[in-house]
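Indexing begins at 1, ligand by ligand and atom by atom, following the structure's order.
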Amino acid sequence: MSLLDKIDKENVPQHVAIIMDGNGRWAKSKGLDRTEGHKEGAVSVRKVAEAAARARVKFLTLYAFSTENWLRPQEEVNMLMELMVHTIAKETENLIKNGIRVQAIGDLQRLPKKTKSALLQCIEQTSSGKNLTLVVALSYSSRWELANAAKAIAVGVKNGVLDENSITEETISEYLATKDMPELDLLIRTGGEIRISNFLLWQAAYAELYFTDTFWPDFDEKCLYEAILDFQKKERRFGKTSEQLEKENQ
Ligand code: FPP
């Protein structure tokens, strides 16, 4: 029985997010330049997105470039931005063929013109994909997103569109970049670190967390399915007791 067959299709996490870490260390371990790690990481993106679609995951959000990543050496930043353009150009046809719709979250204004326009074109060309939504988090950080939401809510209150007394958790969710996406079910981090690094902090409130030592370029279909199977073993109580859940499911 393959790992994919072992996955209970009735209980697949609808929204999976991945902190793709370890490209640099993967390259170093092989005596290669960091650049090679990122290139191999881009290959993993394709493999894992297609594997997610086969498992019937609906949303896959990938942390491709954080707000903090702008602080990396300019050469590496340029290389990553070029890699995005190249990968998008190479993969768009394949994405369409696999019914994968691309979306992006983050401060896209900061992206080089070429990267931004390649991305927007890919978003448009893949917009009718029905199998999986692949959300690329680019120039994204959760605190940036939350500060933006706070600003927009403040403007709403000032203009009388919002009443401060009726601001709820749902209001905040509505003002986040993820507003049209399902709740985050499973957050995976590759590369051995146990932290969330300013990624989907609000959205991860009830997500199951899965950390693996595997470097991102080595993370493949099998690794994704192992993470999903691990998710399926968990009892998600959302603050309730096991007994309450049992009664609700009777
Ligand atoms: C973290 O590894 C990875 C990144 C900062 C970049 C992620 C980018 C890709 C996987 C390539 C292209 C992506 C798309 C969506 C086309 P690291 O450099 O921090 O690794 P290290 O911790 O081992 O140094």
ask   = Between Asn131 (side chain) and Ile100 (backbone), is there a donor-acceptor pair under 3.5 Å?
value = no

request  = Report the nearest protein non-hydrogen atom to atom 5 (C) of ligand 1: residue, atom name, distance rounded to 0.1 Å.
outcome  = Asn69 OD1, 3.6 Å

request  = Find all atoms of ligand 1 within a distance of less than 4.0 Å from any non-hydrogen atom belonging to Trp216, and give their numbers and elements.
outcome  = 10 (C)

ask   = Is there a donor-acceptor pair closer than 3.5 Å between any side-chain N or O of Lys130 and the backbone N or O of Ser128?
value = yes

message = Could you check whether Asn78 and Glu82, counting side-chain N and O atoms only, form a donor-acceptor pair closer than 3.5 Å?
response = no

inquiry  = Yes or no: does Glu193 have any heavy atom under 4.0 Å from an atom of ligand 1?
reply    = no

key: Top protein contact for atom 19 (O) of ligand 1, by heavy-atom distance   = Arg72 NH2, 2.7 Å

request  = Considering heavy atoms of the protein only, find what lies nearest to atom 1 (C) of ligand 1 and give residue, atom and distance to 0.1 Å.
outcome  = Met20 O, 3.1 Å

query = To the nearest 0.1 Å, how far is atom 22 (O) of ligand 1 from its closest protein heavy atom, and which atom is that?
reply = Asp21 OD1, 3.0 Å

query = Do Thr67 and Arg143 have side-chain N/O donor and acceptor atoms under 3.5 Å apart?
reply = no

inquiry  = Any heavy atom of Gly22 closer to ligand 1 than 4.0 angstrom?
reply    = yes

query = Heavy atoms only: which of Leu80, Asn23, Ile19, Val43 is nearest to atom 2 (O) of ligand 1?
reply = Asn23

ask   = Would you say Leu62 touches ligand 1, if touching means a heavy atom closer than 4.0 Å?
value = no

task = Evaluate the ring planes of Tyr140 and Trp144, with Trp represented by its six-membered ring, and classify them as parallel (under 30°), tilted (30 to 60°) or perpendicular (over 60°).
result = perpendicular

query = Just wondering, more than 12 heavy atoms not from Lys9 lying within 6.0 Å of its NZ?
reply = yes

inquiry  = As a test of understanding, state which of Ile105, Ile18, Leu184 forms a side-chain contact (heavy atoms from CB on, under 4.5 Å) with Thr61.
reply    = Ile105

inquiry  = Considering Met84, Glu91, Lys90, Met79 one by one, which has a heavy atom nearer to atom 13 (C) of ligand 1 than any of the others?
reply    = Met84

request  = Consider every N or O of Gly41 and every N or O of ligand 1, then say whether any pair is closer than 3.5 Å.
outcome  = no

message = Could you check whether any side-chain N or O of Asp218 sits under 3.5 Å from a backbone N or O of Thr214, counting only pairs where one atom can act as donor and the other as acceptor?
response = no

query = Among protein heavy atoms, which lies nearest atom 24 (O) of ligand 1, and at what distance?
reply = Arg34 NH1, 3.0 Å

task = Classify the side-chain pair Trp202/Ser142 by whether it contains a donor and acceptor separated by less than 3.5 Å.
result = no

key: atom 6 (C) of ligand 1 [closest protein heavy-atom partner, distance rounded to 0.1 Å]   = Ala64 O, 3.3 Å

Pair Arg101-Ser127, side-chain donor/acceptor within less than 3.5 Å = no

remark   = Leu83 heavy atoms within 4.0 Å reach ligand 1 at atoms 11 (C)

ask   = Please state which protein non-hydrogen atom is closest to atom 16 (C) of ligand 1 and give its distance, to 0.1 Å?
value = Thr87 CG2, 3.7 Å

